[in-house]
Amino acid sequence: MSNNQNKVVVITGASSGIGEATAKLLARDGVKLVLGARRETHLKNLVKEIEKLGSEAVYAIVDVTKVEQVEDLAKLAMDKFGKIDVWLNNAGIMPQSLLKQKKIEDWDAMIDVNIKGTLYGIGAALPFMETQNSGHIINISSVVGHMAHAGSAVYSATKWAVRAISESLREEMAQNETNVRVTIVSPGAIKTELLESITDEEMKDNAKKFQENFGISADGVALTIKQAIDLPEDATWNEVIIRPTKQIM
Ligand SMILES: NC(=O)c1ccc[n+]([C@@H]2O[C@H](COP(=O)([O-])OP(=O)(O)OC[C@H]3O[C@@H](n4cnc5c(N)ncnc54)[C@H](OP(=O)(O)O)[C@@H]3O)[C@@H](O)[C@H]2O)c1
């Protein structure tokens, strides 16, 4: 067991990919998990797996675009475990397309899930963390939150926004001596279900080929998140890019 034992970690988008891998890795350390996402069966199964790994978890059906549901996830953590040590804003979608395709529903959905979902998570966790005078908010951005390509405009913009929000939050927390840490994790190509959200078939096929060629397991990102949590509480990993070694861009 590491010093993570008895920590309480809330994860949005816990039902697959990076969120699920992180939950399982932390469970091995005895971390107590509070899981949010929309697919209940996945969450139920994950709770069982976490129990087999020797830890405890609860879940709630959460759509991160609904502020009340995100607030309820924070309340669930407080009711069940009495504190929130880490809040991982991980829920995200990536329906990429060319701007000229005017996929306005996809634009709106990315803005709602990736930006507003992150803001709602911060808003839900902060009051409790400020009262505790401790906490850690980890926001998942992306390599394409640092660079934009044809087809990535809106997704890149949302992930850029996550970085801007995180840096402002970091300064605000430091100014107020809240002891709340802020970390941005920006992954490269990771083999998850993320590409299923792409509605343009050609874009999806190309993204799948890229993921097959270069993608690595979500376990690498989970380990990065665990290492950020593991640092002594007076030190923060503010930003990390975790890319497959073979990924060029
Ligand atoms: N995979 C990559 O290459 C990569 C690279 C850079 C960044 N990222 C970021 O990593 C994060 C995790 O993605 P992933 O790669 O692990 O993909 P994933 O397997 O598709 O996981 C995405 C998670 O977000 C949840 N989610 C989607 N919309 C939601 C909503 N409205 N409310 C609540 N939860 C919602 C999904 O759960 P439900 O459908 O059950 O709600 C799922 O658990 C995302 O922010 C993504 O942008 C991924």
Side-chain angles (χ1 to χ4, degrees), residues 10-25 33-46 59-73 87-96 105-106 108-121 124 138-149 152 154-163 165-166 184-198 204 206-222 224-225 239-244 247 249:
V10 181
I11 302 179
T12 69
S15 58
S16 61
I18 292 168
E20 181 185 2
T22 304
K24 286 185 194 164
L25 183 65
L33 291 142
V34 182
L35 312 167
R38 294 164 305 171
R39 288 172 295 175
E40 186 171 21
T41 317
H42 287 64
L43 294 173
K44 270 190 180 164
N45 291 337
L46 184 54
Y59 76 86
I61 299 169
V62 177
D63 179 340
V64 295
T65 68
K66 307 273 188 295
V67 67
E68 326 75 52
Q69 295 183 17
V70 180
E71 298 271 330
D72 285 348
L73 186 66
W87 184 287
L88 175 60
N89 278 313
N90 165 73
I93 54 170
M94 192 189 71
Q96 296 191 321
E105 273 185 25
D106 286 349
D108 287 346
M110 277 186 276
I111 290 165
D112 286 349
V113 176
N114 301 354
I115 303 181
K116 290 190 191 170
T118 297
L119 284 170
Y120 295 161
I138 304 179
N139 295 327
I140 303 295
S141 177
S142 169
V143 160
V144 292
H146 293 253
M147 62 181 88
H149 304 291
S152 83
V154 180
Y155 182 68
S156 283
T158 64
K159 292 302 186 177
W160 230 290
V162 167
R163 291 178 51 235
I165 292 162
S166 304
I184 306 161
V185 176
S186 293
I190 311 298
K191 284 183 176 154
T192 67
E193 297 172 19
L194 190 68
L195 309 184
E196 296 308 321
S197 62
I198 304 177
K204 191 191 243 177
N206 289 338
K208 282 193 166 169
K209 279 183 199 132
F210 188 81
Q211 196 188 62
E212 276 158 26
N213 284 337
F214 295 108
I216 55 170
S217 150
D219 293 343
V221 185
T224 305
I225 293 165
E239 176 145 29
V240 56
I241 293 179
I242 156 92
R243 250 199 204 93
Q247 183 178 337
M249 289 201 316

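FYI, the numbering just counts along the sequence from 1. One-based numbering, in listed order, for ligands and for the atoms of each.
Few gaps surround CE on Met147; more than 12 heavy atoms of other groups in view lie less than 6.0 Å from it.
With sequence neighbours left out, the side chain to side chain contact (heavy atoms under 4.5 Å, CB included) criterion links Tyr120 to Val67, Val70, Lys116.
Side chains of Arg39 and Ser15: a donor on one and an acceptor on the other come within 3.5 Å. Side-chain contact check for Glu239 and His146: at least one donor-acceptor pair (N or O, by modelled atom type) lies under 3.5 Å.
Sorted by chain and number, the heavy-atom contacts of ligand 1 below 4.0 Å come from Gly13, Ala14, Ser15, Ser16, Gly17, Ile18, Ala37, Arg38, Arg39, Val62, Asp63, Val64, Asn90, Ala91, Gly92, Ile93, Val113, Ile140, Ser141, Ser142, Tyr155, Lys159, Pro187, Gly188, Ala189, Ile190, Thr192, Glu193, Leu194.
With Gln69 contributing its side chain and Val64 its backbone, the two residues share no donor-acceptor pair below 3.5 Å.
Here the options are Asp112, Val113, Ile198, Asp106, the test is side-chain contact (heavy atoms from CB on, under 4.5 Å), and the partner is Ile93; only Val113 passes.
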